[in-house]
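Just below is one structure, and these are the notes that go with it.
Just so we're clear, the structure is a prediction, and the values are computed from it rather than from any experiment. Below, chain A is the first sequence line, B the second, and so on; all start at residue 1.
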Amino acid sequence: MLVVSYIREHKEEVIERLSIKNFTKTELIDEILRLDDERRATQLENDETLATINSNARTIGEMYKQGKASEANTLKETNNVLKETVKTLSDRLESIKNEIQTKLVEIPNTPNLLVPRGTSAADNLNVHQEGDIHEMPKSALPHWELLTKYDLADFDLGNKVTGAGFPFYKGKGAKLQRALINFFLDEAAADGYNEVQPPLMVNEASAYATGQLPDKEAQMYAVPLDGFYLIPTAEVPLTNMFRDTIVKETDFPIKTAGYSSCFRREAGSYGKNVRGLNRLHQFDKVELVEIANPENSYERLEAMKSHVAGLLRKLELPFRVLRLCGGDMSFISAMTYDFEVWSAAQKLWLEVSSVSNFETFQSNRLKLRFKDKNGNMQLVHTLNGSALALPRIVAALLENHQTPEGIYIPKALQNYTGFDIIK
RNA sequence: GGAGACAUGGCUGAGCGGUCGAUAGCGGCGGUCUUGAAAACCGUUAAACCGAAAGGUUUCGGGGGUUCGAAUCCCUCUGUCUCCGCCA
């Protein structure tokens, strides 16, 4: 969520930047500022009353020592009255804070000024494209048919044992999963990311801090008996590692990579978009999270983008990079690059990675800060990106590397799979 | 799962109702001595928030309560340790 003091000091700029996301509820901002004035006044009054109570209490102690019991009793009465005042003020304060919070969470992150205006995917800016987009022979198959043809995954078995969206991977399909996970983790380590293996369930506080709660509750699987949620992405535990912490400026950049299974209910989605591996309830992913100095967080975003591009290049997949327009970006992002791989057989671009800078939008709620050179507390910038999610990469590999002889495994991956073709 | 103990500043560890935001040691920082370093000695050193500053508020695992006053008493939650049980 946005920082209230920033809104106060840069109101026009905030409104201008929000307009890129087609956000026009400016009255919300005025209300927040009005409530914040009230909050500060109430806080001051409350603090002053507490100061009086504290000093009175000390005086009462002195009086008892000196045997002035009756004077002490009078002062006690005074304090009892003041305590009522404090109760009223702090209740008021609490409710003002809640009101501010409620309104604040309705305001999306302010996009970077480089973010193109627009309302849909059609307005995204293509910033890079590489790789060979060749015509496939008529006989080319979509990945779901290839999965069956080479017996790499079994959806029916998943249906029987669990339900739709929980496939079994089999044989070389299962090995390919393992190979990709290791490949992605090794690449991340080589690029300076610290590897962690996170918990697959998180508590409510974590789900709130990264914004899955309250609005996206229906997208997560829950374990109500223990108050846990299955993670929809490793971003949640990887970012919450830093919740309520103060890092050193000299620690930047703090780069973390983690592999996890991800669980998504995907309530409400259906149709051809969910065919095969395009959308699953459980899938595997290597996620990158970076804690950055606000001074150079956009350079770090470029670095993360390069890392992901390097992966796709080594997998010999044709891809393009889009800078998302205001209307197509997520609520919490300040700038997002989407990576799309060309699916030759489906004849469409498949989103395989999303790399974003959240600036202080996440760190504000996380209370993740650092002390700058001048000794001032500042919120850090947080970035994250998928590097990469397996199912769509598998889909792209199968479709793009299919040959009459079988499915070719790119060189970079052969050491991990132990085979160079699936036939 | 059962029983018991504990939770204090960067760390170790005192305090168990009143100048306690907290004794002490270690560590950190500054200095004296030294060609330099070590040792020794002296000084200094918790954090966040509000404020231009003076100053104020909050914080002794979290939340609540008792009291004029709580690190200290009570309730509750969480976590850690020990013993028993179970277990990959």
Side-chain angles (χ1 to χ4, degrees), chain A residues 1-10 32-101 104 197-209 213 222-229 237 240-251 254 261 291 294 360 362-380:
Chain A
M1 73 204 159
L2 294 178
V3 180
V4 177
S5 60
Y6 189 85
I7 302 178
R8 198 195 314 145
E9 283 154 35
H10 305 84
I32 287 170
L33 292 180
R34 185 188 61 73
L35 283 166
D36 188 53
D37 284 341
E38 196 178 340
R39 195 213 90 225
R40 288 193 293 165
T42 311
Q43 175 91 60
L44 187 67
E45 198 181 342
N46 194 41
D47 283 1
E48 282 170 351
T49 313
L50 281 170
T52 310
I53 290 176
N54 286 342
S55 107
N56 283 351
R58 237 165 288 155
T59 312
I60 290 167
E62 293 289 317
M63 285 173 170
Y64 273 120
K65 274 186 197 160
Q66 294 165 18
K68 298 179 189 165
S70 73
E71 285 180 47
N73 285 333
T74 314
L75 206 48
K76 273 194 199 179
E77 280 310 306
T78 311
N79 260 12
N80 279 331
V81 175
L82 289 176
K83 273 169 70 179
E84 288 302 310
T85 311
V86 166
K87 176 130 183 51
T88 314
L89 286 172
S90 54
D91 285 352
R92 178 78 195 119
L93 197 58
E94 201 53 36
S95 86
I96 295 172
K97 281 183 181 172
N98 286 338
E99 250 185 285
I100 294 177
Q101 180 76 10
L104 210 49
Q197 187 176 37
L200 300 183
M201 297 188 222
V202 294
N203 57 30
E204 230 174 77
S206 294
Y208 266 105
L213 292 177
V223 186
L225 196 59
D226 297 286
F228 295 151
Y229 292 89
N240 271 284
M241 286 168 70
F242 300 98
R243 170 153 53 88
D244 293 319
T245 58
I246 296 168
V247 299
K248 293 202 209 73
E249 187 170 18
T250 49
D251 293 340
I254 303 170
S261 291
I291 312 297
T360 60
Q362 266 189 332
S363 60
N364 186 31
R365 199 187 292 203
L366 287 166
K367 292 207 202 66
L368 168 50
R369 297 168 291 178
F370 75 104
K371 202 166 246 177
D372 67 21
K373 295 177 200 75
N374 306 317
N376 297 319
M377 277 296 174
Q378 272 196 55
L379 292 166
V380 305

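Each of Asp47(A), Leu93(A), Thr49(A) was checked for a side chain to side chain contact (heavy atoms under 4.5 Å, CB included) with Val86(A), and the lone residue meeting it is Thr49(A).
Using N1 to N3 plus N6-O4 or O6-N4 for Watson-Crick, or N1-O2 and O6-N3 for G-U wobble, each under 3.5 Å, G9(B) pairs with nothing. Base pairing annotation: G1(B) forms a Watson-Crick or G-U wobble pair with C84(B), both donor-acceptor distances under 3.5 Å. Summarising the base pairing, G27(B) is matched to U45(B) through a Watson-Crick or G-U wobble pair whose two defining distances lie under 3.5 Å. Pair assignment for C73(B): G65(B), on the basis of Watson-Crick or G-U wobble contacts that are both within less than 3.5 Å. With a cut-off of 3.5 Å on both Watson-Crick or G-U wobble distances, the partner of A40(B) is given as U32(B).
Taking atom NZ of Lys76(A) as the reference point, atom P of C68(B) lies 6 Å away to the nearest angstrom. With rounding to whole Å, Gln378(A) atom CD is found 14 Å from A48(B) atom P. Lys248(A) has its NZ atom 12 Å from the P atom of G10(B), to the nearest Å. Per the geometry, CD belonging to Gln66(A) stands 13 Å off C1' belonging to U19(B), to the nearest Å. Rounded to whole angstrom, the span from the CG atom of Leu82(A) across to the C1' atom of G69(B) amounts to 14 Å. Summarising the geometry, the separation between CZ on Phe370(A) and C1' on A48(B) is reported as 16 Å, rounded to the nearest angstrom. Separating the CG atom of Asp226(A) from the P atom of U78(B) is a distance of 11 Å, rounded to the nearest angstrom. The separation between Asn56(A) atom CG and G18(B) atom P is 19 Å, rounded to whole Å.
Judged as a side chain to side chain donor-acceptor pair (under 3.5 Å), and not counting sequence neighbours, the contacts of Ser206(A) are Asn203(A), Arg243(A).
Counting only distance, with no hydrogens or angles, the side chain of Arg365(A) and the backbone of Tyr208(A) share a donor-acceptor pair below 3.5 Å. Asp251(A) contributes a side-chain N or O that, together with a main-chain N or O of Lys248(A), makes up a donor-acceptor pair within less than 3.5 Å. Between the side chain of Asn56(A) and the main chain of Asn79(A), no donor-acceptor pair closer than 3.5 Å is present.
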Checking salt bridge (charged side-chain N to carboxylate O under 4.0 Å, His left out) for the pair Glu99(A)/Arg39(A): CA distance, chi angles, key distance, verdict?
CA-CA 10 Å; Glu99(A) 250 185 285; Arg39(A) 195 213 90 225; over 6 Å; no

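Residue Asn80(A) is classed as a sugar-phosphate contact, given heavy-atom separations below 4.0 Å to backbone atoms only. Lys367(A) comes within 4.0 angstrom of nothing in the nucleic acid, heavy atoms only.
Using a 4.0 Å cut-off, some side-chain N or O of Lys83(A) falls inside it from OP1 or OP2 of G69(B). Distances shown here put every side-chain N or O of Lys65(A) at or beyond 4.0 Å from the OP1 or OP2 atom of U19(B).
Here, A70(B) and G65(B) have their P atoms 12 Å apart, quoted to the whole Å. Rounded to the nearest Å, the gap between the C1' atom of U78(B) and that of C11(B) is 23 Å. Going from the P atom of C42(B) to that of G25(B) covers 10 Å, rounded to whole Å. Using P as the reference atom, A53(B) and U72(B) are 33 Å apart when rounded to the nearest Å. If you take atom P in G9(B) and the same atom in A5(B), they sit 23 Å apart, rounded to whole Å. Taking the C1' atom of each, G21(B) and G15(B) are spaced 13 Å apart, rounded to whole Å. C16(B) sits 49 Å from A88(B) when the P atoms are compared, rounded to a whole Å. The P atoms of U76(B) and C84(B) are separated by 28 Å, rounded to the nearest whole Å.
For CD of Glu45(A), the number of neighbouring non-hydrogen atoms (other residues, nucleotides, ligands) closer than 6.0 Å is 12 at most. At most 12 non-hydrogen atoms from other residues, nucleotides or ligands lie less than 6.0 angstrom from CD of Gln197(A).
When each of Glu77(A) and Tyr64(A) is assigned the nucleotide of RNA chain B bearing its nearest heavy atom, the one mapping closer to the 5' terminus is Tyr64(A). For the pair Thr52(A) and Lys371(A), both in contact range of RNA chain B, the more 5′-proximal nearest nucleotide belongs to Lys371(A).
A salt bridge does not link Arg58(A) to Glu62(A): none of the charged side-chain nitrogens sits closer than 4.0 Å to a carboxylate oxygen.
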Interface polar pairs with nucleotides 49-56 of chain B, N/O, under 3.5 angstrom:
from: C49(B); atom 1: OP1; to: Arg369(A); atom 2: NH1; distance (Å): 3.3

